[in-house]
Amino acid sequence: LAVALASLLTTAGARRSQDLHCGACRALVDELEWEIAQVDPRKTIQMGSFRINPDGSQSVVEVPYARSEAHLTELLERVCEKMKEYGEKVDPSTHRKSYVRVISHDGTKMDLSGVKFDGDVTSSLKFACESIAEEYEDELIEFLSHEAENVKDRLCSKRT
């Protein structure tokens, strides 16, 4: 009986961990995509070498700031703070956990029925977010800098 109970608890813990990791990854990508969309598309940043070539020219190009490596790196450093704005929702039929925003970006009211919002949830989600952002920083920058499609699926379902 003890062995059966231990294996059941291990399976439930693994699923909870997987749900948390997956939810944190999806929330991270959502937040990054929202932040990118808020940047003025006309804003640019100079990239390239600032060294002067023998012919007197420079190899500097202007690229959109919103998807530049500098902007994405800056976002990755602070995006996990947004996990404070998420709560945990449990599907009653599958008992799988998902993570949803409890504070909307634009201030509209949200349906929070069945959403658990406390310090344990937000700290776990923030920790998972920071782990993913650190471990997959290069992939996140690669996908987001090129406006890749289905970043959430490609990164959260297949990579992490």
Tell me the closest heavy-atom pair linking [X] and [Y], and the distance in Å.
X	Y	result
L155	L140	CD2-CD2, 3.3 Å
G23	L125	C-CD1, 4.3 Å
L72	A66	CD2-O, 4.2 Å
C80	E130	SG-N, 3.4 Å

I'd like to know if the side chain of [X] and the backbone of [Y] have a donor-acceptor N/O pair within less than 3.5 Å.
X	Y	answer
D91	T94	yes
T122	G119	yes
R96	V90	no

Determine, step by step, whether C25 and C129 satisfy the disulfide bond (SG atoms under 2.5 Å apart) criterion, reporting the C-alpha distance in whole Å, the side-chain angles of both residues, the deciding distance to 0.1 Å, and the verdict. CA-CA 6 Å; C25 183; C129 175; over 6 Å; no
Sorted by chain and residue number, the ring-ring contact (aromatic ring centres under 6.0 Å, His included) partners of Y65 (sequence neighbours excluded) come out as H71
Exactly one of K43, R42, Q38 clears side-chain hydrogen bond (donor to acceptor under 3.5 Å, both in side chains) with D40, and that residue is R42
After noting the C-alpha distance and the side-chain angles of Y99 and V121, does the key distance pass the side-chain contact (heavy atoms from CB on, under 4.5 Å) rule? CA-CA 9 Å; Y99 297 87; V121 169; 4.1 Å; yes
Looking at R154 and E139, is any side-chain nitrogen of the basic one under 4.0 Å from a carboxylate oxygen of the acidic one? no
Apart from I103 itself, what residues make up its hydrophobic cluster, given side-chain heavy atom links below 4.5 Å? V100, V102, M110, L112, V115, F117
Test side-chain contact (heavy atoms from CB on, under 4.5 Å) on R26 and D153; report intermediate values, then the result. CA-CA 8 Å; R26 291 181 173 282; D153 292 334; 3.3 Å; yes
Going by the salt bridge (charged side-chain N to carboxylate O under 4.0 Å, His left out) test, name the single residue among K82, K126, R101 that passes it with E31. R101
Salt bridge (Lys or Arg N to Asp or Glu O under 4.0 Å) between E33 and K152, intermediate numbers included: CA-CA 10 Å; E33 288 178 337; K152 255 193 282 194; 5.7 Å; no
For side-chain contact (heavy atoms from CB on, under 4.5 Å), just list the numbers for I141 and L76, CA-CA rounded to whole Å, side-chain angles, deciding distance to a tenth of an Å, and then say yes or no. CA-CA 9 Å; I141 290 172; L76 282 170; 3.9 Å; yes
Within 6.0 angstrom of E69 CD, more than 12 heavy atoms from elsewhere: no
What I want to check is whether the side chains of E142 and Y136 have a donor and an acceptor closer together than 3.5 Å. no
How far apart are the C-alpha atoms of D118 and K116, what are their side-chain angles, what is the distance that settles it, and do they pass the side-chain contact (heavy atoms from CB on, under 4.5 Å) test? CA-CA 6 Å; D118 64 24; K116 178 181 172 188; 3.1 Å; yes
dist L32:CG -> R67:CZ (nearest 0.5 Å) comes out at 10.0 Å
Pairwise distance OG(S145) to CD1(I36) - rounded to 0.5 angstrom: 9.0 Å
